[in-house]
2 protein chains.
Amino acid sequence: MSRQEAVQILQTHGIKPSYQRIKIYEYLVDKKNHPTVDTIYRELSPGLPTLSKTTVYNTLKLFHSVNVVQKVMIEDNEVRFDADTSIHGHFKCLSCGEVYDFPVQKNALMYGIPEGFSITDEHIYCTGYCQDCAQVDTTLLQASS
Amino acid sequence: MSRQEAVQILQTHGIKPSYQRIKIYEYLVDKKNHPTVDTIYRELSPGLPTLSKTTVYNTLKLFHSVNVVQKVMIEDNEVRFDADTSIHGHFKCLSCGEVYDFPVQKNALMYGIPEGFSITDEHIYCTGYCQDCAQVDTTLLQASS
DNA sequence: AACCATAACTGTAATTATTACAATGTCGAT
DNA sequence: ATCGACATTGTAATAATTACAGTTATGGTT
Ligand SMILES: [Mn+2]
Ligand SMILES: [Mn+2]
Ligand SMILES: [Zn+2]
Ligand SMILES: [Zn+2]
């Protein structure tokens, strides 16, 4: 994503595009890796030596408040962030730790929610083993047989 | 739930039914309130004066490891627990804080997950305003018009 | 350019949830 | 009654997040 696009998106959400905010937003959009605060801080620090972790926290909270990012919580000890705020599912591989996106059926949720409830946010995620890691298991099983 | 039923379920999952474990399990099953560790501790303490919060943590971790409970994470600062381990959705009202269960379509998830991925766990949740709280909003709006 | 008000950034301290650990208690088998 | 294994407890350590106060960057006004 170009710097100008990033600035554009932040501005249309009422966010003043500071140097740090642009860098953090670009990181999220370019990497698409659902990083934690710590990962973002660790990866951006070298090129932004004065960056404070507090700024990363503040920035993500701001982004989230105007729906520029969504939070992804799968394991209870890590909060991840995603610049793709469209409705989609997340799959975390318990072996390699990778988080994958997957499409979800439109209105998959609506179905069971009672009349009179209004929804602001919906999340779908699962855990398991990705193709690569499941593959290894299979290979090992075969090798040992 | 009777004490005997609780003991039964714990035993069939290979858990030795200690006094504390039974109390915690009964609490989860009877209240169905998706409590946090803190809530469980606070509510059981009066009738179990020696109970340690560490025991609550240990017990829930044990329960979770053998799938006697599932974790419910909706907001990033609270982990809740649910003795209903069947696949169902959770709705948290942002106004009153109540967590409601709702049914989900069978295989709602499978749909988008690529070939070769194996799923161990699936979760669906959303946030919004429950019927009671949305009602109040409507009433207020009408009153002010 | 100098000045100023405002907002953003930074680093440290405080808070909170969770886990580690070591001591103590429980309980059934011998 | 003794023993060993496991469960419980209380405290200390860890880790994530937030609060806060000082500093710096920004943009407008003179
Ligand atoms: Mn995603
Ligand atoms: Mn439930
Ligand atoms: Zn994997
Ligand atoms: Zn409500």
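Heavy-atom basis, side chains included; hydrogens, waters and symmetry copies ignored. Here the structure is a predicted model, which means the values were calculated and not measured. Within every chain, numbering begins at 1; the chains are lettered A, B, ... in the order of the sequence lines, protein sequences first and strands thereafter.
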**OP:** Tell me which residues in residues 22-37 of chain B put a heavy atom below 4.0 Å from DNA chain C, sorted by number, or none.
**Re:** none
Original post:
Hey, mind stepping through B/Cys130 and B/Ser95 against side-chain contact (heavy atoms from CB on, under 4.5 Å) and telling me if it holds?
Top reply: CA-CA 8 Å; B/Cys130 75; B/Ser95 175; over 6 Å; no
Original post:
When you check every protein heavy atom under 4.0 Å of nucleotides 24-30 of chain C, what one-letter string (B, S, -) results, 5' to 3'?
Top reply: -------
Subject >> Contact state string [nucleotides 9-16 of chain C, B base, S sugar-phosphate only, - no protein heavy atom under 4.0 Å] >> reply: SBBB----
Original post:
Step by step, would you call A/Tyr25 with A/Met1 a side-chain contact (heavy atoms from CB on, under 4.5 Å)?
Top reply: CA-CA 10 Å; A/Tyr25 186 68; A/Met1 159 168 284; 3.8 Å; yes
Original post:
How would you list, by chain and number, every residue that makes a side chain to side chain contact (heavy atoms under 4.5 Å, CB included) with B/Thr39, sequence neighbours excluded?
Top reply: B/Tyr27, B/Pro35, B/Thr36, B/Arg42, B/Glu43
**OP:** Just jot down the side chain to side chain contact (heavy atoms under 4.5 Å, CB included) partners of A/Thr54, sequence neighbours excluded, or say none.
**Re:**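 Partners of A/Thr54 under the side chain to side chain contact (heavy atoms under 4.5 Å, CB included) test: A/Ser52, A/Asn58.
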Original post:
Taking only N and O in the side chain of B/Lys61, is any of them less than 4.0 Å away from OP1 or OP2 of C/dT19?
Top reply: yes
Original post:
Taking only N and O in the side chain of B/Tyr57, is any of them less than 4.0 Å away from OP1 or OP2 of C/dT19?
Top reply: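 No.
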Check the distance between [N]'s [atom2] and [X]'s [atom1] and give it to me in whole angstrom.
{"X": "A/Lys71", "N": "D/dT17", "atom1": "NZ", "atom2": "P", "result": "8 Å"}
{"X": "A/Ile15", "N": "C/dA7", "atom1": "CD1", "atom2": "C1'", "result": "14 Å"}
{"X": "B/Met73", "N": "D/dA16", "atom1": "CE", "atom2": "P", "result": "16 Å"}
{"X": "B/Asp38", "N": "C/dA17", "atom1": "CG", "atom2": "C1'", "result": "9 Å"}
{"X": "A/Gln11", "N": "C/dA7", "atom1": "CD", "atom2": "C1'", "result": "16 Å"}
{"X": "B/Leu60", "N": "D/dA7", "atom1": "CG", "atom2": "P", "result": "15 Å"}
{"X": "B/Glu78", "N": "C/dA17", "atom1": "CD", "atom2": "P", "result": "10 Å"}
{"X": "A/Asp76", "N": "D/dA15", "atom1": "CG", "atom2": "P", "result": "15 Å"}

Subject >> Single-linkage hydrophobic cluster A/Leu28~A/Ile22, side-chain heavy atoms < 4.5 angstrom >> reply: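 Yes, same cluster.
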Original post:
Same cluster or not: are B/Tyr111 and A/Ile87 linked, directly or through other Ile, Leu, Val, Met, Phe, Trp or Tyr residues, by side-chain heavy atoms under 4.5 angstrom apart?
Top reply: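 In one cluster: no.
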**OP:** Taking A/Arg21 for its side chain and A/Lys16 for its backbone only, find out whether a donor-acceptor pair lies under 3.5 Å.
**Re:**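 Checking the backbone N and O of A/Lys16 against the side chain of A/Arg21, a donor-acceptor pair under 3.5 Å is found.
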Original post:
Where is the tightest heavy-atom contact between A/Pro17 and A/Val7, given as atom of each residue plus distance?
Top reply: CG-CG1, 3.9 Å
Subject >> Heavy-atom closest pair, residues B/His13 and B/Ile9 >> reply: ND1-O, 2.9 Å
**OP:** Would you mind telling me which of C/dA7, D/dT17, D/dC6 lies closest to the side-chain atoms of B/Lys16?
**Re:**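 So the nucleotide nearest the side chain must be D/dC6.
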Original post:
Does the pair A/Phe117 and B/Tyr129 meet the rule for a ring-ring contact (aromatic ring centres under 6.0 Å, His included), with working shown?
Top reply: CA-CA 6 Å; A/Phe117 283 56; B/Tyr129 297 93; over 10 Å; no
Side-chain donor-acceptor pairs of residues 72-83 of chain A under 3.5 Å, sequence neighbours excluded:
| from | atom 1 | to | atom 2 | distance (Å) |
| --- | --- | --- | --- | --- |
| A/Glu75 | OE1 | A/Lys92 | NZ | 2.6 |
| A/Asp76 | OD2 | B/Lys71 | NZ | 2.5 |
| A/Glu78 | OE2 | A/Arg80 | NE | 2.7 |
| A/Glu78 | OE2 | A/Arg80 | NH2 | 3.2 |
| A/Glu78 | OE2 | A/Lys92 | NZ | 2.6 |
| A/Arg80 | NH1 | A/His34 | O | 2.7 |
| A/Asp82 | OD1 | A/Asp84 | N | 2.8 |
| A/Asp82 | OD2 | A/His34 | NE2 | 3.1 |
| A/Asp82 | OD2 | A/His88 | NE2 | 3.1 |
| A/Asp82 | OD2 | A/His90 | NE2 | 3.0 |

